[in-house]
Amino acid sequence: MTTLTRDHLARLDRDDPLAPYRQQFELEEGLVYLNGNSLGALPGAARRRAAEVVEQEWGRGLIRSWNTHDWISLPERVGDKIARLIGAERGEVVVADSTSVNLFKLAAAALEMRPGRGKVVSEPGNFPTDLYILQGLERFRPGVRLETAPREALETLIDEDTALVVLTHVHYKSGEMFDMAALSARARAVGALMLWDLSHSAGAVPVDLNGAGADFAVGCGYKYLNGGPGAPGFLFVARRHQEAFRQPLSGWFGHANPFAMQDRFEPAAGIRRGLCGTTGVLATSVLEVGVELMVSADMGQIRAKSRRMGEIFIELVESHCGDFGFGLASPRDAERRGSQVSLTHEQGFAIMQALIARNIIGDFRAPDILRFGFTPLYTRYVDLWDTVQALAEVMRREEWKQPEFRKLTAVT
């Protein structure tokens with residue numbers, strides 16, 4: 001039986017160096033939000049920034065704001081800030097499009113950079129969009145084949161015929177982390193290129209792309225970066241590859257001189273060639289606010305808090321809900337776990353809906369995963385206690401059996 005109490009966790013909150021950040025987010029009173037690994041909370045400054053862009057820069061500045069408010073450099077400016085969170089240098093990250101589109105651009109470019117090789121390696125159960133994009137490349141590019149293997153067998157699948165390895169650093173369901181340096185080194189040893197999906201890593205766990213020798217990376221802006229629903233994604237191309245990098249979506253914003261209006265495409269120098277169409281100024285401006293918040297915080301403190309939260313949550317669940325059939329889907333070892341804890345239960349969807357009805361928001365991933373994400377800038381230690389007590393009550397009272405909680409929703 002755990003010796004943890006709510007008073008003990010409240011003391012941790014009082015001593016938490018990150019606690020003041022919670023005031024910078026708009027969270028309704030009484031809400032426990034453990035879903036920042038799916039959609040980050042709204043920073044109050046983002047609301048103000050959105051109004052400023054709409055009313056002043058667009059409303060008054062109109063087309064002039066591409067120059068007077070430097071809209072034209074937004075993708076690189078915000079990319080340089082994200083670079084600080086993922087172990088990249090200035091000029092190696094650019095904000096553009098979505099994670100899926102960026103993955104297609106980078107994967108297609110990587111295949112061009114490894115002529116004579118057709119194999120792309122990933123793992124079964126990777127985030128669906130990653131596998132779908134790679135399957136699309138199989139259909140549209142003759143000679144490309146996607147091969148998958150469980151993570152414990154991946155290294156043996158990466159061989160001299162491999163052009164590209166595509167893996168998600170922190171798994172979206174389990175939260176299990178790959179050893180980025182080891183897998184990148186394995187790819188490099190056989191002449192393959194390595195592409196990491198950082199959607200559940202950027203802003204949540206320390207990432208060192210250059211230290212690991214990674215070649216490419218993608219990520220999204222609406223989870224731990226708090227950029228808002230559908231916020232643009234980002235892509236990383238290591239500087240050593242930028243001259244050879246030729247992505248297939250050669251749109252005008254990736255041109256060396258977009259306003260020369262030439263008929264023939266000439267790729268821009270450096271990371272800007274990763275762009276395609278016109279920047280979404282409103283979305284990217286709002287994302288910049290969330291990124292600046294993350295950059296201002298200490299990643300060491302963020303990681304230490306998320307690890308501790310994971311350990312406490314697991315201890316509380318096993319102590320207070322041990323008789324209700326829950327399994328642990330996440331690694332018990334905090335070193336191998338991202339900033340979430342996932343539980344399994346055959347009635348997982350209905351149980352999560354019952355929690356949400358109690359104003360405790362996590363999410364569900366088929367077939368049986370309940371996900372609880374910890375975002376240290378606004379999640380409190382007492383939120384963990386309140387969540388587990390509510391979960392125990394839902395199970396004791398069998399609230400999940402109510403018909404309204406068993407009706408499958410479009411978004412889970």
Side-chain angles (χ1 to χ4, degrees), residues 96-202 207 209 212-220 233-238 241 244-250 274 276 329 338 365-367 369:
D97 304 309
S98 67
T99 307
S100 301
V101 173
N102 288 332
L103 179 60
F104 176 83
K105 292 189 290 191
L106 293 185
L111 286 165
E112 288 286 342
M113 293 166 63
R114 289 296 181 268
R117 297 186 181 210
K119 184 161 72 171
V120 178
V121 171
S122 191
E123 67 168 334
N126 196 354
F127 190 75
T129 202
D130 295 47
L131 296 176
Y132 300 163
I133 290 293
L134 299 176
Q135 291 162 14
L137 280 171
E138 276 187 307
R139 290 194 302 273
F140 286 102
R141 185 185 168 102
V144 173
R145 66 187 188 281
L146 171 63
E147 296 187 18
T148 62
R151 55 182 56 200
E152 61 271 14
L154 270 170
E155 289 203 20
T156 60
L157 192 60
I158 302 170
D159 58 19
E160 285 74 10
D161 189 38
T162 304
L164 178 67
V165 182
V166 180
L167 296 171
T168 301
H169 181 223
V170 175
H171 195 274
Y172 79 104
K173 277 189 181 180
S174 68
E176 183 174 1
M177 283 198 296
F178 272 114
D179 185 331
M180 179 180 286
L183 268 296
S184 298
R186 172 59 187 168
R188 188 164 57 251
V190 297
L193 294 167
M194 186 75 230
L195 194 165
W196 289 101
D197 185 336
L198 304 179
S199 294
H200 289 266
S201 305
V207 177
L209 288 172
D215 301 296
F216 304 107
V218 296
C220 72
F234 63 87
L235 62 88
F236 158 86
V237 179
H241 293 311
F245 173 66
R246 297 288 188 276
Q247 61 112 336
L249 303 182
S250 47
C276 180
R365 290 294 178 261
I369 300 287

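- Rounded to the nearest 0.5 angstrom, Arg117 CZ and Asp161 CG are separated by 7.5 Å.
- Remark: the backbone N or O of Glu147 is not paired with any side-chain donor or acceptor of Lys119 at under 3.5 angstrom.
- Summarising the geometry, atom CZ belonging to Phe104 is positioned 5.0 Å from atom CG belonging to Leu137; distances are rounded to the nearest 0.5 Å.
- Atom NE2 of His171 and atom CZ of Arg151 lie 6.0 Å apart (nearest 0.5 Å).
- One finds the NE2 atom of His200 at 10.0 Å from the OG atom of Ser174 (value rounded to the nearest 0.5 Å).
- Taking both residues in full, the closest heavy atoms of Cys220 and Thr99 are given as CB-OG1, 3.2 Å, listed atom of the first, atom of the second, then distance.
- When the options Leu164, Leu235, Val166 are evaluated for a side chain to side chain contact (heavy atoms under 4.5 Å, CB included) with Leu106, the one that passes is Leu235.
- Contacts of Phe245 classified as ring pair (Phe, Tyr, Trp, His ring centres under 6.0 Å), with partners at least two apart in sequence or in another chain: none.
- Taking both residues in full, the closest heavy atoms of Glu138 and Arg145 are given as OE2-CA, 3.3 Å, listed atom of the first, atom of the second, then distance.
- When every heavy atom of Ala110 is checked against every heavy atom of Phe216, the shortest pair comes out as CB-CE1, 3.9 Å.
- Nearest heavy-atom pair across Pro124 and Ala149 is CD-O, 3.3 Å.
- Annotation: the span from Phe178 atom CZ to Leu154 atom CG amounts to 5.0 Å, rounded to 0.5 Å.
- For the pair Lys173 (side chain) and Ala329 (backbone), a donor-acceptor distance under 3.5 Å is absent.
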Yes or no on side chain to side chain contact (heavy atoms under 4.5 Å, CB included) for Leu209 and Leu198, after CA distance, side-chain angles and deciding distance?
CA-CA 10 Å; Leu209 288 172; Leu198 304 179; 4.0 Å; yes
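- Checking side-chain atoms of Thr168 against main-chain N and O of Asp197 turns up no donor-acceptor pair under 3.5 Å.
- Atom OG of Ser98 sits about 12.5 Å away from atom CZ of Phe234, to the nearest 0.5 Å.
- With contacts defined as side-chain heavy-atom distances shorter than 4.5 Å, the pair Asn126/Leu134 does not qualify.
- Judged purely by atom type and a 3.5 angstrom limit, Gln247 has no side-chain atom pairing as donor or acceptor with the backbone of Lys105.
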Which donor-acceptor pairs under 3.5 Å do side chains of residues 179-187 form with protein atoms, sequence neighbours excluded?
| unit_1 | atom_1 | unit_2 | atom_2 | d |
| --- | --- | --- | --- | --- |
| Asp179 | OD1 | Ala181 | N | 3.3 |
| Asp179 | OD1 | Ala182 | N | 3.0 |
| Ser184 | OG | Met180 | O | 2.8 |
| Ser184 | OG | Trp196 | NE1 | 3.0 |
| Arg186 | NE | Glu155 | O | 3.0 |
| Arg186 | NE | Ile158 | O | 3.3 |
| Arg186 | NH2 | Glu155 | O | 3.3 |
| Arg186 | NH2 | Ile158 | O | 2.6 |

Can you list the steps and then say if Val120 with Leu111 is a side chain to side chain contact (heavy atoms under 4.5 Å, CB included)?
CA-CA 9 Å; Val120 178; Leu111 286 165; 3.9 Å; yes
side-chain hydrogen bond (donor to acceptor under 3.5 Å, both in side chains) for Thr162 and Asp159? Distances and angles first, verdict last.
CA-CA 5 Å; Thr162 304; Asp159 58 19; 3.2 Å; yes
Can you list the steps and then say if Val165 with Leu157 is a side chain to side chain contact (heavy atoms under 4.5 Å, CB included)?
CA-CA 10 Å; Val165 182; Leu157 192 60; over 6 Å; no
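- Judged purely by atom type and a 3.5 angstrom limit, Asp215 has no side-chain atom pairing as donor or acceptor with the backbone of Leu195.
- Across every non-hydrogen atom of Cys276 and Asp97, the tightest pair is CB-OD2, 4.0 Å.
- Under the 3.5 Å distance criterion, the side-chain polar atoms of His169 are left unmatched by any main-chain donor or acceptor of Gly338.
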Begin with the C-alpha distance, continue with both residues' side-chain angles, and end with the deciding distance and a verdict on side chain to side chain contact (heavy atoms under 4.5 Å, CB included) for Ser122 and Asp130.
CA-CA 9 Å; Ser122 191; Asp130 295 47; 5.7 Å; no
